[in-house]
Colleague: 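Got a structure for you, questions after.
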Protein chains: 2
Amino acid sequence: MEAANPLYKNQGIHVIVSIFTVEKGKTKVLLIKRKNEPFKNMWALVGGSLYNNENLDFGLQREIMEKTGLKNIETYFSGIFDDINRSPVMRMLAISYIGIIDNEKVSILKDTFKTSNAEWFPIELVPDLAYDHNNILNSALNSLKSKILTTNILKSLFPNGFTIPEIQKTYESILNEKYDRRNFRRKLLNLDLIYDTKTEIKFEGNKPAKLYKFKD
Amino acid sequence: MEAANPLYKNQGIHVIVSIFTVEKGKTKVLLIKRKNEPFKNMWALVGGSLYNNENLDFGLQREIMEKTGLKNIETYFSGIFDDINRSPVMRMLAISYIGIIDNEKVSILKDTFKTSNAEWFPIELVPDLAYDHNNILNSALNSLKSKILTTNILKSLFPNGFTIPEIQKTYESILNEKYDRRNFRRKLLNLDLIYDTKTEIKFEGNKPAKLYKFKD
DNA sequence: ACAAAAGTGTTGACTTTACACCCATGG
DNA sequence: CCATGGGTGTAAAGTCAACACTTTTGT
């Protein structure tokens, strides 16, 4: 059925995801280079237009797949962007999500039907992006900071588990803070988000560390 | 400009608000009775379809005005409802908000172009609602409960200020809890959301109470 | 002077912070 | 046996929960 009132027509929904990783103490975000108008040849966050037969998560996963080749990325709601003119094509509402993955464990398609490149950018080196994606990314980064303190969002970064000193570095990278080793461990354990796998990981020349995993 | 891909067409956005009040220890929600299809003659939350030339807040305020006569209601984001078939007419995404006002200080239009009635319903006596509005209301109530603990959302209930014992009853009504008077006062003051107006309110036969207001 | 509701302070329990020592490994 | 980084405990400070008495007003 078609909408009668012309004011109801020509509206669409963008689903956008800021996919983060943490590498050597740097928080990075995955950007793709657009092949098509509008904003042809500009860098952009991953995402695109929702189809009218998709719910939000389904459409977002399709867009992630189409533009990066990645499958089953866990995403978390971040915010809504409703500027009337945020797209030059037609009125598009953007619904923004965040995700986080280990960039060394995945391979990203650099060339797809709609993209001509894909790169991880350290967040302080992000260029001018298509649409209002710089804004969206900014707010996504804030969401990331608050989510790692209360949810198991980092699970996707450590699918095989992690040691406490290892994940502490990740927290410190994302939040730009330093924490006391002993108190950090206690606090993280008290959050009841992780459990001891009762296995140990050996490093070169150091005492082996306990391996933990996030609960579901 | 029209979207090319038919999957991009026929999508719309509902802006929906659960407007609450608290009266004699009861949390109530404002419902309107629909005059038109779909869901003709059913009760529903306030809201409707966003126009393509409106941002979310503007569209929401217009809908509130059209269906209740109320102006300038402060609203807070609550959630998104993306079921593909949540509207029988076409694919509609719903963006849900909450608001809270003093029902004794406003007058609600009972008959408008699109509504044939409007009533405050105690939340435990809410009937079957149009669309997925029962779901939306449920989640809105949870948002309300968490927002009163961290934001000044109750400001709109007490535009002229409040005494601590008075607002404590409101907290207790919404959260269904009882609190110690002394600890409640200390906690609320520590949140840094309110300030002492240095005036007092006299009640019949009681010690006068200090008047506080929410900060902006 | 009494009833009704408002205002205030203290103690113990718990949580959070700061901080120092011992342990396991590889070289 | 030494260097590196991992693991743990404790004391002091701060926060939160429980609780009782005093104040102001109208009658």
Side-chain angles (χ1 to χ4, degrees), chain A residues 22-26 145-146 148-151 154 157-158 160-215, chain B residues 22-26 145-146 148-151 154 157-158 160-215:
Chain A
V22 181
E23 188 183 1
K24 299 197 194 88
K26 289 261 174 222
K145 288 180 184 178
S146 70
I148 61 172
L149 296 171
T150 52
T151 74
L154 287 180
L157 238 195
F158 300 102
N160 305 317
F162 53 87
T163 68
I164 304 242
E166 183 183 13
I167 205 169
Q168 180 173 354
K169 291 195 192 91
T170 304
Y171 274 88
E172 291 176 342
S173 301
I174 293 173
L175 297 171
N176 263 310
E177 299 269 354
K178 284 280 173 192
Y179 301 103
D180 177 89
R181 267 165 53 236
R182 294 152 287 192
N183 294 335
F184 178 84
R185 170 185 298 268
R186 190 172 13 231
K187 197 175 215 167
L188 187 58
L189 286 167
N190 280 345
L191 283 181
D192 203 39
L193 293 175
I194 68 174
Y195 67 94
D196 190 342
T197 63
K198 306 287 183 193
T199 51
E200 298 205 324
I201 292 199
K202 291 193 213 301
F203 295 104
E204 301 291 307
N206 303 328
K207 177 172 178 178
K210 291 191 189 174
L211 191 70
Y212 290 83
K213 281 193 175 179
F214 279 101
K215 299 183 183 174
Chain B
V22 180
E23 188 184 1
K24 298 198 195 88
K26 290 260 173 224
K145 287 180 183 179
S146 69
I148 60 172
L149 296 171
T150 51
T151 74
L154 287 180
L157 240 195
F158 299 101
N160 304 318
F162 54 87
T163 69
I164 305 244
E166 182 182 15
I167 204 169
Q168 181 173 353
K169 292 195 190 93
T170 303
Y171 274 87
E172 291 176 340
S173 301
I174 293 173
L175 297 170
N176 262 310
E177 298 270 355
K178 283 280 172 191
Y179 301 103
D180 177 271
R181 270 166 49 235
R182 291 152 288 191
N183 293 337
F184 178 84
R185 171 186 298 268
R186 187 171 17 229
K187 197 174 216 166
L188 187 59
L189 286 168
N190 280 346
L191 283 180
D192 204 39
L193 293 174
I194 66 174
Y195 66 94
D196 189 342
T197 63
K198 307 286 183 193
T199 51
E200 298 205 325
I201 292 198
K202 290 193 214 299
F203 296 103
E204 299 292 307
N206 302 328
K207 179 171 176 177
K210 290 190 191 176
L211 192 71
Y212 290 84
K213 281 192 176 181
F214 279 101
K215 298 181 183 175

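Below, each value reflects all heavy atoms present in this structure, side chains not excepted, and no hydrogens, waters or symmetry copies. Model, not experiment: these values are computed from the prediction. Order of the sequence lines sets the chain letters (A, B, ...), proteins ahead of strands, with each chain counted from 1.
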Colleague: If you pin N183(B) and N183(A) to their nearest nucleotides in DNA chain D, which one's is more 5'?
Modeller: N183(A)
Colleague: Rounded to whole Å, how long is the line connecting atom CD of Q168(B) with atom P of dA5(C)?
Modeller: 14 Å
Colleague: Could you work out which one of dT8(D), dG6(D), dA5(C) sits closest to the side chain of N206(B)?
Modeller: dA5(C)
Colleague: With the side chain counted from C-beta on, respond yes when F158(A) and N160(A) share a heavy-atom pair under 4.5 Å apart, and no when they do not.
Modeller: no
Colleague: How long is the line joining CZ of F203(B) and C1' of dG7(C), in whole Å?
Modeller: 14 Å
Colleague: Is there a donor N/O on one and an acceptor N/O on the other, under 3.5 Å, for the side chain of R185(A) and the base of dG7(D)?
Modeller: no
Colleague: Taking NZ from K202(B) and C1' from dT23(D), how many angstroms apart are they, rounded to a whole number?
Modeller: 14 Å
Colleague: Between the base of dA17(D) and the side chain of R182(B), is there a donor-acceptor distance below 3.5 Å?
Modeller: no
Colleague: Would one find a side-chain N or O of K210(A) under 4.0 angstrom from OP1 or OP2 of dA24(C)?
Modeller: no
Colleague: Can Y195(B) and F214(B) be said to form a ring pair (Phe, Tyr, Trp, His ring centres under 6.0 Å), step by step?
Modeller: CA-CA 6 Å; Y195(B) 66 94; F214(B) 279 101; 9.5 Å; no
Colleague: Nearest to the R181(A) side chain among dG9(C), dT23(D), dG7(D), which nucleotide is it?
Modeller: dG7(D)
Colleague: From CD1 of I167(A) over to C1' of dG6(D), roughly how many Å is that when rounded to an integer?
Modeller: 16 Å
Colleague: Nearest whole Å is fine: how far is dG7(D) P from I164(A) CD1?
Modeller: 7 Å
Colleague: Whole-Å distance between dT16(C) P and L188(A) CG?
Modeller: 13 Å
Colleague: Compare all side-chain heavy atoms of L157(A) with those of I167(A) and state whether any distance is below 4.5 angstrom.
Modeller: no
Colleague: Expressed as a whole number of angstroms, how long is the span from K207(A):NZ to dG6(D):P?
Modeller: 10 Å
Colleague: Nearest whole Å is fine: how far is dA17(D) P from K187(B) NZ?
Modeller: 5 Å
Colleague: Is there a side-chain contact between L188(A) and F184(A) in this structure, where contact means two heavy atoms from C-beta onward sitting under 4.5 Å apart?
Modeller: yes
Colleague: With heavy-atom distances below 4.5 Å as the criterion, would you say the side chains of R186(A) and N190(A) are in contact?
Modeller: yes
